[in-house]
Structures are given as C-alpha cells and as structure tokens.
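Let me give you the structure first, and then I'll get to my questions.
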Amino acid sequence: MTITHNLGFPRIGVQRELKRAVEAYWAEKMDADELEATGRALRLRHWQTQADAGLAYVPVGDFAWYDHILEWTALLGAVPARFGQPSGEEVGLDTLFRMGRGRAPTGTPAAACEMTKWFDTNYHYIVPELVPQQTYRIARSYLFDQVREAQAAGHQVKPVIPGPLTWLWLGKGDAFSQGAGDPGKLALLDALLPVYAEVLQRLGELGVEWVQIDEPILVLDLPDVWQNAYAKAYQQLSSTATATAGPRLLLATYFGGLGNNLNVLKGLPVQGLHVDLVRAPEQLNDILSVVAPDQVLSLGVLDGRNIWRTDLDRIRDQLAPVVAQRGDRLWLAPSCSLLHVPVDLAEEQTLDAELKSWLSFATQKLDELRLLAVALDGKEDAVTQQSLQAQRDALAARNRSARIHNKVVQQRLAQSNTLSRERTPFTERIALQQIKLGLPAFPTTTIGSFPQTTEIRKLRREWKQGALSDSAYEKAMQDEIEHVIRFQEKVGLDVLVHGEPERNDMVEYFGELLGGFAFTQNGWVQSYGSRCVKPPIIFGDVARPAPMTVGWSAYAQSLTNRPVKGMLTGPVTILQWSFVRDDQPRETTCRQLALALRDEVTDLEAAGITVIQIDEPAFREGLPLRRSDWQAYLDWAVDCFRLSTSSIRDDTQIHTHMCYSEFNDIIEAIAAMDADVITIETSRSNMELLGAFEDFHYPNDIGPGVYDIHSPNVPKLEWMVDLMKKAAARLPAERLWVNPDCGLKTRGWPETEAALVAMVKAAETLRYT
Ligand code: GLN
Ligand code: ZN
C-alpha cells in the first residue's frame, strides 16, 4: 500500500483562531491556560483532519505560538542574553513572545529578534541569534509534550524538526558577518549536535518511528564547506540513533531541486529522503539513482505553495513505474509544508461552484493525496472512482473555460513584442520633465499613502457591504483627498499624492478591478506571528475593463497647481503577492499585468497626470533561490516594468518605489528599469545602502528615505539634513529627492505632520547650503 504523509499543516485555524487567541493573550484578555487550550484544540482538530485523510503519519512540531523556527531555537536553549532567561529553567511562553515581538504580558520588554522571509515564500521566521560560545540544552519540552498529546489521541506521529545545518545557515550573529554561508558558523555544530542526539533519543523513548528533519538549504547554492558538513553531522546523529534504537530519519528538502547537492546525499546515513517534484519534476531520475534500495523515498507531488487541484492521472502515470520498483519504500506527500496555503475551501461561501471546483486548499490537498494513493494501489471503489472522475472533469472544464481565456488579451500579448520598451535617454527626458514640472533642487515628495484612520476604514467597509451608496462613498473619499492635498500644500511638498484612502491593500485594490482575479473570504495564510494575508487568486487572463485610478488621481490634480503623482502597484508585485495560475509561466501572467498597467499609465497621462509612480516592493523577493535562475527572472521582470511605463511622453515622469535594503545583487536590473526616479528605504542604515548605487554610478534620480515610517518617532530636522548630506557625498546632489522611506498609512496624523514639516525644512536647508 502506498504510504502518504504530510510535512506540516497550517496552524492558524480556518477562522484564524490562533491569531485571535494569541492577540487576546497579548492584550491580557485571555490567560495562559485558555491560550494553551485553544492551541491544543487546534492541534487535535488538525491531526484528526490529517488522520481522516488516511495519512500514515501526522506531523508534530509544525504547531507554533509565533513561529516554528523560534520554537526550535527556544528548545535548543539559544535565547539571547537580553531576554534574561535563567539557565537551567524551561523557556516560557512569554519569553518566546518577547523574542518574537519584543514584549509579552510578563517579562521586561527587549528588542525583538530579527525576522526574515522563509526562502522565497511570504512566511517570515524569527532569525536564530548565534554566539560563538553558545551552550545548547533542551530548554523547552513542547515537542515531547505534543508527541504524547497526539499519541494519546490515537495518532501515529512523525515529529518535524529543523535540521542542524539549515538552522545554522538561517542564523545570524555579530561574530559571523559573512552572510548566511559564513563557514565560521559550522564551528557551532560540535555543541549543537549532542542536543539533537538527545532529542532523537527522547523521541525514540516515546516510541517514535520516524523523525522528519528539514534541510531545505539543500536546494540552495551551497559552498563546499557546507556540503561537506552534512556527512559529519548526520554520521553523528545516526550513530546515536542506532545506538539507542532511536527513530529513523527522513531528511526533507523542498522549494526546489537538489542540483549539485545531490552528491551530499550519496551514502548519507539517513533512512529516508523527501524531495520536491512540483518545483523540480526533472530531478526524479537523478534522485532515483542516488537513493539506496533500502531507503524510503518520499515524493512531494502536490503543490504545497499553490491552490490548484492536481492532475492526478498525470502523476499516477509518472509514478506507476516507481511504485512498482519501490513498493512501500515510496511515500507520497505535498511538496512542502501546507503552511503556505489556506486551510479549507469548504469555508468559502462566495466563490462560485465552478471556480471552487478548480481549487484545493490544505484540507482538499490531503483528500487528493488519499485519492492518488488509492489509484496507485489500484484499489478504487465506486466512490473513489467517482471522486477521481469529478477531479478529471473539473480540470478539463478549467482548461476549456471561457473565464480563463480572453482572446483579446492573448492577441495583445502575442503582439506585445512589437510594443516599444524604450524611452528617450534619461538625460534628454529629465531636461524636458524639469521644464514642465519646474521643481526646485532636492524636490520633496511622499510614497503614496497618508494615515488610514478608523473613519476611512469604516467608510470603505460600509460601502463594500452596501450600507453606503456609491455617491456618498465617492464624496467621502473626495473629501479625504482634498484634505490630503490641502495638507501637503500647507506643508509645502513639491510633488503631491492623493493619499490612497480608497485602497485597503495595494494588490487587492487592483485585483478587484482587473479581470481574471478572484478573492476568498477565509483564504488566510500566515505571514508572520499573528499576521495573516489573503492573497488574491489569479485564475484567468488579466484584463483591465476600465480605468482603475484615473478618477481619483484626476480629481486630486484638479484641486491643485502642483503636480499630483498617479499611484500604481507594479506587475511583479501584484504577481508576487497573489496565488498565480499554474497553466502558464509566471512570466506570461506578469506580462498580462504589465499590459493592463500600461493602459492605466496611458490613461493617467491623458487625464493630465504628469508624474506616475509604479510601486515594486516585491521586485527583489521574486528572485529565484538559485543564482543560475536569476538573470532569466530579472530579464522578464525588468521587461514587464518597461512594458508598463514606456507608452508615455518624454516629459511625463515615472517613479518607482522599493522598500527593502539589499540592492547589491540587483542594481543592474534596477538601472535597466529606467524609472526617472526611484525612492528607497535607507534611513535605518544611515545611507550605507546607497553604496550599491554609488559603486554602480546609478544614472537616474534617487530619493533615499530620510523618515523611518516604521517607527512612531519624529525625525529631527538636523538628522535629515545630515542624512541627505551623506547621500550627496555619494551621489550627485542634482539627482537627489527628499522623501520618507515608505507609505504613511500606518502612521497617525500628528506625527506625520511634524515629520513632513521637518522634512520640507530639511530640503530647504539643503537648497541654501
Ligand atoms: N504606495 C504605497 C504606499 O504608500 C507603497 C507601499 C509599499 O511600498 N509597500 O502605501
Ligand atoms: Zn515601501
């Protein structure tokens, strides 16, 4: 019988119960016992769902109060000194929360640990802090407690833990400055491995047969020393495991192919190996050639990163020979943890039945897995045959559906090669723009949004629910826009914005106005801590039936003689923050988005808008995990940006905005986007981030942020002047703009006013010195 298992289940709960409970606990509206009870109920429910789907093993250790890497860091006793953890004591819940977010109901607040994106997902983990002489010990018992909890509920468990090399790779520390791959970190292995061995031993004592040990860094470009470290580390783990008759190890990799790390696996003393066949289907034969006859091979065949139903027939055909060859040493699973997809499609009441039949959330994926196993075993009864047929029919219908394919869009895309991506050279363009805009040196602007008060959110909500008429809503938004325009005139900003009051979210707003998008009610995915996002679903060809922002922007421009920036979200960012269709390359969907935005840009210009900003905060996050794939991505991503922006006159000014800091790797691509002005985040790093622009001799205009909008603090005038002087020492002064780091939507009005008044004064000071 084909064995199925799962690498991890979403922990938040279908109604975001975990988020609600954790936030209530933080606000001291729920006590620890009640919080624990909520967690326990969620775990039991999720294990049951998985057991009902016929999984041979349910994962334990995928649950976390804040983040599963943080839980593991705490279990290892790697609590930074500033949290005052008494040695020898169990790391408590509040210490965990203080590490994750700086504060908790008890304990002194302290600077939270850094948070970073988990590989190329939108999940953020808490970065382990590494110190050279760290002593590790088992300092939290959650894993053992939860194993017992699941066993008591009658489940066959498979604990899931981060592998030692992945944990070290993800960690950071002042003593290890050379980035993720700093070989110095490997010196910590000697102290770390005995604790891993002890964990395995204790799990063995609990009767655990298999432990899944996650080593996703094996899909990255690893330096030799890291590759070589695997043999030694796993030798040590496996010798304790065998000596104590401990559990067998299933080494799990996901998010890509193993590439040349395949050599690492040859002869590695683990009893099983999981690989991702969704992201890297081509690796199957190579894997089969290194996996030993007595090793278990787990194949990740259902997409753990997307929400489409799977073509089970195709997988069955592909796998049939492997099943014949490997028998019960073949396991099947989703490609990675289901943490990255919503919990249950059954909760969706507003998606129509047709669209729903194309989709599969975590719960449905487990059903698909069960069907696949039954089909592979040739054990279909009437019911499974019916389900398989229904799945087939749904996929065929999706393929043919008129809702997916839009002839006009496809024809336009086919001809889009002939559309120009070129603008006149920057030096000529900027001269014309300067004549038209008449801006001073060090022009001032903001990034787009202004404070989003509860009043604004309420208006939007009431309008969406039909409680507020279109005309009343429009009037209310116009009043807000007028308020924002008058405010900016009073403060003395040079290039104004309309403030984005009509936008709940910079992707959702556009998705709702574009064809080819669908939205869920409960399709939540954890982003970090208690934060969840509901990514839109791009299911069909993207079309723009009507202008999306022109009305608001033109209204704002009608109120003032100063230029008002039109404000759009870029094609790559919309793509990156959505669930994207799997029946065409991402690049194709991105070009469709680019064409829709190109029309919007053209219409904005025709409506008298002279400056247009296209935000691309997700441009860098789209970078593939392997360096060899970077250039292809950057080529089409840049091409999409240029496609969006090149329809316009020379004297219309294009801005872009990116709010992250690592530009070194992609500076050439940023230059190739050829925006007239780029605004970036720099205030926290004291302008150090401008190094990449300086070294590259970046030719176009730059607005290095001087106001850190992630903090409620009002920046001092002198500090901003000083920052801009630092910038002027690195880049030509005539290319510089003065602006905040990012949008102001999360800030309050008083601090925004004080900060922008000071920012405008800073620009004036710079002009006269
Ligand atoms: N224009 C957006 C805003 O100001 C940009 C947000 C972002 O960069 N994430 O809110
Ligand atoms: Zn930003």
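Starting from 1, each residue takes its place in the sequence as its number. Values reported hereafter were calculated over all heavy atoms of this structure, with side chains retained and with hydrogens, waters and symmetry mates removed. Ligands are counted one by one from 1 in listed order, and the atoms in each one are counted from 1 as well.
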**Prompt:** Closer than 2.8 Å to the Zn ion (ligand 2), which protein N, O or S atoms?
**Reply:**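 Counting only protein N, O or S atoms under 2.8 Å from the Zn ion (ligand 2), the list reads His657 NE2, Cys659 SG, Cys742 SG.
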**Lys/Arg N to Asp/Glu carboxylate O, Arg486 vs Glu489, below 4.0 Å** =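 Looking at Glu489 together with Arg486, the answer is yes, because their closest N to O distance falls below 4.0 Å.
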**Message:** Under the side chain to side chain contact (heavy atoms under 4.5 Å, CB included) test against Arg421, which residue among Thr645, Asp674, Asp639 passes?
**Reply:**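 Single side chain to side chain contact (heavy atoms under 4.5 Å, CB included) partner of Arg421 among Thr645, Asp674, Asp639: Asp639.
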**Asked** Do Arg305's NZ or CZ and the ring of Phe255 fall within the cation-pi criteria of under 6.0 Å and 45°?
**Response**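 Satisfied, under 6.0 Å and within 45°.
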**Request:** Indicate yes or no: does Asp505 engage Lys534 in a salt bridge with an N to O separation below 4.0 Å.
**Result:**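 Here Asp505 does not pair with Lys534 in a salt bridge, since their nearest N and O are not under 4.0 Å apart.
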**Prompt:** Is it true that Glu114 and Lys172 have a side-chain N and a carboxylate O under 4.0 angstrom from each other?
**Reply:**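 A salt bridge links Glu114 with Lys172.
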**Item:** Ion pair Glu753/Lys490, N-O distance below 4.0 Å
**Value:**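 A salt bridge links Glu753 with Lys490.
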**Request:** For this output row, return yes or no: ring centroids of His340 and Phe119 closer than 6.0 angstrom.
**Result:**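 No, the ring centres sit 6.0 Å or more apart.
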One line per pair, note the atom names and distance for all nitrogen or oxygen contacts under 3.5 Å between ligand 1 and the protein.
| residue | atom | partner | partner atom | Å |
| --- | --- | --- | --- | --- |
| ligand 1 | 1 (N) | Ile447 | O | 3.1 |
| ligand 1 | 1 (N) | Glu500 | OE2 | 2.9 |
| ligand 1 | 1 (N) | Asp615 | OD2 | 2.7 |
| ligand 1 | 4 (O) | Ile447 | O | 3.4 |
| ligand 1 | 4 (O) | Ser449 | N | 2.9 |
| ligand 1 | 4 (O) | Ser449 | OG | 3.1 |
| ligand 1 | 8 (O) | His657 | NE2 | 3.1 |
| ligand 1 | 10 (O) | Ser449 | OG | 2.7 |

**Asked** Any side-chain heavy atom of Asp67 within less than 4.5 Å of one from Tyr123?
**Response**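 SC-SC contact between Asp67 and Tyr123 confirmed.
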**Asked** How long is the span from the CH2 atom in Trp636 to the CG atom in Leu634, to the nearest 0.5 Å?
**Response**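 The distance works out to 9.5 Å.
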